[in-house]
Amino acid sequence: MNGTGGDSLWIQLLGEVRAWHAGREVALGAPKQRGLFALLAMRHGHLVTVSEIIDALWGETPPGSAEGSIHTYVHGLRKAWEAVGVTGLLVRAGGGYQLEVTADQVDVAVVEACAADARQLAAQGRKQEAARRLQRCLGHWHGTPLNGVPGPMAEAERNRLTVLRLNLIEERAGLLLDEGGHREVLDELTDAVQADPLRESLRGQLMLALYRSGRQADALAVFEEGRRVLAEELGIDPGPELKALHTAILRSDPSLAVTTAKPKPPPRTTVVPAQLPHAVTGFVGRRDELAMLERWREPSSPGVQTLVVSAIDGAGGIGKTALALQFAQMVREDYPDGQLYVNLRGFDPSRQPLTAAEALTQLLQGFGVTTQPGTVDAQAALYRSLVADKRALIMLDNAASADQVRPLLPGSSNSLVLITSRNQLGGLVARDGARRLTLGLLTQAEALDLLRQLIGAERVDAAPHAAEELAKLCGYLPLALRIIGVQASGRTEQSLDDVAKELRAVQHRLDALAIEDDEMASVRAVFSWSYQALKPELAAAFRMFGLHPGQDFAIEAAATLADVTVDEAERIVRSLCEAHLLERTGKGRYRFHDLLRLYSTELAEKHDPVEVRRRALRRLMVWYLHTAQAAASHTGVGLGDEHLPDAPERVPPLSFESTGSAAAWHALEIPNVFALTEKAVELAYDDLAWRLVVTTYPYYYSTGLLSEWIRLLTIGVGAARRDGAKVGQARLLNHLGVASSRIGNNDEAVQCLQQAIALLNETDADLYRASLLGNLASVLREMGKPGEGLQYALEAAEIARRHGNDYYIIASLDIVCEIYVELGQPDKALEYGTAGLALADRKGSDLIVANLRACVAHAYRDLGQFEQARAEYERALAKCESIGDRYHQGRALLGVAELNRRSGQESKAREAAQQALEIFTSLDAEEAVVAKDFLAGLPQQQQ
């Protein structure tokens, strides 16, 4: 496959990092941006967390701006792909990003899969085919891998892929030398030896190829050169194998001649164990995992005995045993001394886990031992002795712990041990050199492939949307997909839409994901085996965590739900993650698999009284309320003097050092605040619901996610009305007026603001009238009535001054400045605007200052002072960038566009207006029409 033509997408990492789509190369940008793209491509289709990205690009000393730089790189990559007509390729998922490409679109993945196929062919004796397959692999190299990409990940992958290339050359040469192809490999081996002169195995192959080609003297010269290099570089002599080959060449030993026919091994006198269960029917996907297991199996040096221990862990039903069996069946021919299988019953619903003695008895019986030693130590010693000179495959399935497995590991051996467990067997990694593979969910494409195999490709492809929904409802969990696939395959008269409709009923989903009379085919039962193994404290926390209505949550939220300290919560979540009942999504953040969340909620309803659950959720809502209030207060917008319930004692609310850190918290937690608000209304906690909504103002005001904000504000207004909170209702109607105006519903905005003013007239909250009057003035300006709005803006400023409230003073001056710009009085606009900026700079009112600077820039522009205007626009855009204020970024860009048009820079004017249009379109803001009209008024570009 070549990325330089055709309609396909192709990513090259084996050389300079490049990508193509439909024959067009993608401009991937600067080196660090290419590094991010390379990392995501290496992990194609899999989530890469932000912390992993930072480690990969910067290592142990990342700059403070690392996360911001990642956002910039992501934006740059998206723009680059959009330029060639590709959207939705780089997506935000959970706590990171993933590249929605498949393994056959990335050269490294293609090479690794192709190499695995070649090894399978070689194991079957099809050496010429295997050699051709390896040559195809080698053809993908176009220079140094990840050339020019900086960072620790790139350096590590460069080294690994360089070694991989040499391994493939060596494997191919070995196959061809066996088949008499010595002349065919001479040039390739010569280059490889020059690239890695210390690799004796390659040097030996080159010597043999030269000798068989009639070049005995050249072969001996290659040996002498190797002797010199090893002495100079390492201070050692060549190894015994290279010395033996040198001696054989000196003697023209007949054994060096090509012999394609191999002697048959003597007949075996004992039964070779072959205990592997059959592989799962319809196994799909997992190409990356299979390739990784294959890489781990490769010895570091030819002829060196290596015990390979691969520990596969993951949640119940994730497909650990299926993967292990699939891989075991693929490589079983490489282990002629037999395959042993033991189910350790670590999470068996009806029987106790096997003891070491019981497991060793099974293993020894597999080797034909009929009389067992009397102690576990003696059993283990005999077992290690039997395996020491064998090449066997040993699968230890369903392990409970590292301690259960450790006595079953061979000593010195050339065997392969595959272990599966629901627990992360960290002890085996730390003490026994195991390689750990944590198995994740299937991708959507893999899940659909599995459904095709189970239900039939015609039915699945005829109802793609229903099949996608089924896969999503099953949480991409292999066990759940198999169960629903078996059920659907037996209901040929029922459409997949109907099957999905049944499964959509959340309260019945776990009931549906079970096959009658088969406990092993029940998602609930499989989850229960992990849950039942928990200590009571962990089990209680597991149930409480499931009450969180959001998709993921912070460690502080977990501690609040469980009513423990943060330190205690960290210990608990670590244990639950190790048991794969909870998943870590980023630094201090966690989430449930969708079906595990249902199971957790089900258990809470069964074991925890209603009042216990209500108290836990109210405690969580109060913690969020205090933390959200702390974040909002950085912008001058908080709950003011409104009474707050006392914060939870065990988990103090978070505090924030800056507007940026507060905005970052909002960006992560707003979905949770939204979900908690809905939950508060459901539980009749209206007092908390409307207050939570008030605290979201800074986030939505900056980001401009208007449709979502309006939905939330509508919920909040209803809650405040039921709670009898007139000031709270007025504040939310004020915010609803702002949001409605931004989408062009100005009449509705005026109604909201007037209703809020009427409510305030029934209270003594005079100060808040300043905000309402200021926003009413702003809406009237939007409606083309700036003169009518000016009186309200000036009244708002006067109320704010009377009360000495800096935030409302600045906000009012901002609106007065903006109105005077529209009235064509830039000198008056500058007077009020500069006064507002002076106060804002002293008070640090970031939420207002971006727009205020843009208004001041408008005034300078209209006064013809273009240099001052451009400087203020740049400051406004920088402020918007620092706090994530996209709405005012768009407005400032429109100002820049007009400035560039007036100064005769029409191409720059078009560029700024186009950027503004993109922002306003994404926010569904009415200013998108203004941006379009501006662009339409520019002279047409010359073709």
Side-chain angles (χ1 to χ4, degrees), residues 75 79 82-83 85 87 704 706 740-747 749 777-790 814-830 833 850-881 885-943:
H75 177 73
K79 297 292 289 182
E82 287 168 6
T87 58
L706 300 173
S740 298
S741 175
R742 283 196 182 179
I743 62 172
N745 291 341
N746 290 317
D747 290 338
S778 185
V779 174
L780 290 169
R781 180 191 63 78
E782 293 283 353
M783 297 173 74
K785 303 176 182 179
E788 187 178 337
L790 181 61
D814 177 29
I815 296 168
V816 172
C817 175
E818 198 164 15
I819 288 176
Y820 272 128
V821 167
E822 292 228 355
L823 289 172
Q825 301 181 49
D827 51 343
K828 296 286 288 183
L830 198 57
N851 191 60
L852 185 52
R853 285 200 178 281
C855 290
V856 169
H858 298 337
Y860 277 127
R861 179 197 65 198
D862 293 351
L863 287 167
Q865 299 177 32
F866 288 178
E867 186 175 342
Q868 294 95 322
R870 196 173 300 280
E872 286 297 338
Y873 281 131
E874 289 175 357
R875 293 189 186 102
L877 289 169
K879 179 60 68 176
C880 290
E881 181 71 23
D885 188 341
R886 298 191 67 219
Y887 175 76
H888 289 104
Q889 180 185 11
R891 296 194 64 172
L893 284 167
L894 272 182
V896 172
E898 175 61 20
L899 176 64
N900 288 330
R901 187 189 66 78
R902 293 187 191 183
S903 58
Q905 302 178 71
E906 290 173 354
S907 63
K908 289 186 176 181
R910 179 176 286 101
E911 181 182 352
Q914 185 61 45
Q915 291 178 35
L917 176 60
E918 291 174 4
I919 290 173
F920 291 134
T921 301
S922 70
L923 298 179
D924 197 26
E926 66 172 336
E927 284 86 351
V929 176
V930 179
K932 287 179 181 177
D933 290 344
F934 181 91
L935 285 166
L938 291 174
Q940 295 295 314
Q941 287 181 294
Q942 297 296 320
Q943 298 296 321

Counterpart residues, side-chain contact (heavy atoms from CB on, under 4.5 Å), relative to A859 (two or more places apart):
V821, P826, A829, L830
Applying salt bridge (charged side-chain N to carboxylate O under 4.0 Å, His left out), can you list everything that pairs with R875, at least two apart in sequence or on another chain?
E872
May I have the step-by-step check of salt bridge (Lys or Arg N to Asp or Glu O under 4.0 Å) for E898 and R901, ending in yes or no?
CA-CA 5 Å; E898 175 61 20; R901 187 189 66 78; 2.6 Å; yes
Can you name the nearest heavy-atom pair linking A913 to A931, along with the distance?
O-CB, 4.2 Å
Across all chains, not counting sequence neighbours, the side-chain contact (heavy atoms from CB on, under 4.5 Å) partners of T921 are L917, A928
Show the nearest heavy-atom pair for residues C817 and C855, with the distance to one decimal.
SG-CB, 3.5 Å
Do E927 and E782 have side-chain heavy atoms sitting under 4.5 Å apart?
yes
Note, Y887 side chain near F920 side chain (heavy atom, < 4.5 Å):
yes
Heavy-atom side-chain contact between E911 and N900 under 4.5 Å
no
Where do K908 and S903 land on the side chain to side chain contact (heavy atoms under 4.5 Å, CB included) test, with the steps shown first?
CA-CA 10 Å; K908 289 186 176 181; S903 58; over 6 Å; no
Non-neighbouring partners of A777 that pass side-chain contact (heavy atoms from CB on, under 4.5 Å), sequence neighbours left out:
Y792, A793, I815, I819
Among residues two or more places apart or on two chains, list those pairs meeting salt bridge (Lys or Arg N to Asp or Glu O under 4.0 Å) that have a residue in residues 854-871.
D862-R902
Should R910 and F934 count as side-chain neighbours, where that means a heavy-atom distance under 4.5 Å?
no
Run the side chain to side chain contact (heavy atoms under 4.5 Å, CB included) test on M783 and D747 for me, step by step, so that the C-alpha distance in whole Å, both residues' side-chain angles and the decisive distance to 0.1 Å come before the verdict.
CA-CA 9 Å; M783 297 173 74; D747 290 338; 3.3 Å; yes
Can you name the side-chain contact (heavy atoms from CB on, under 4.5 Å) partners of E906, sequence neighbours left out?
P939
Derivation and outcome, side chain to side chain contact (heavy atoms under 4.5 Å, CB included), residues R891 and N851
CA-CA 8 Å; R891 296 194 64 172; N851 191 60; 4.2 Å; yes
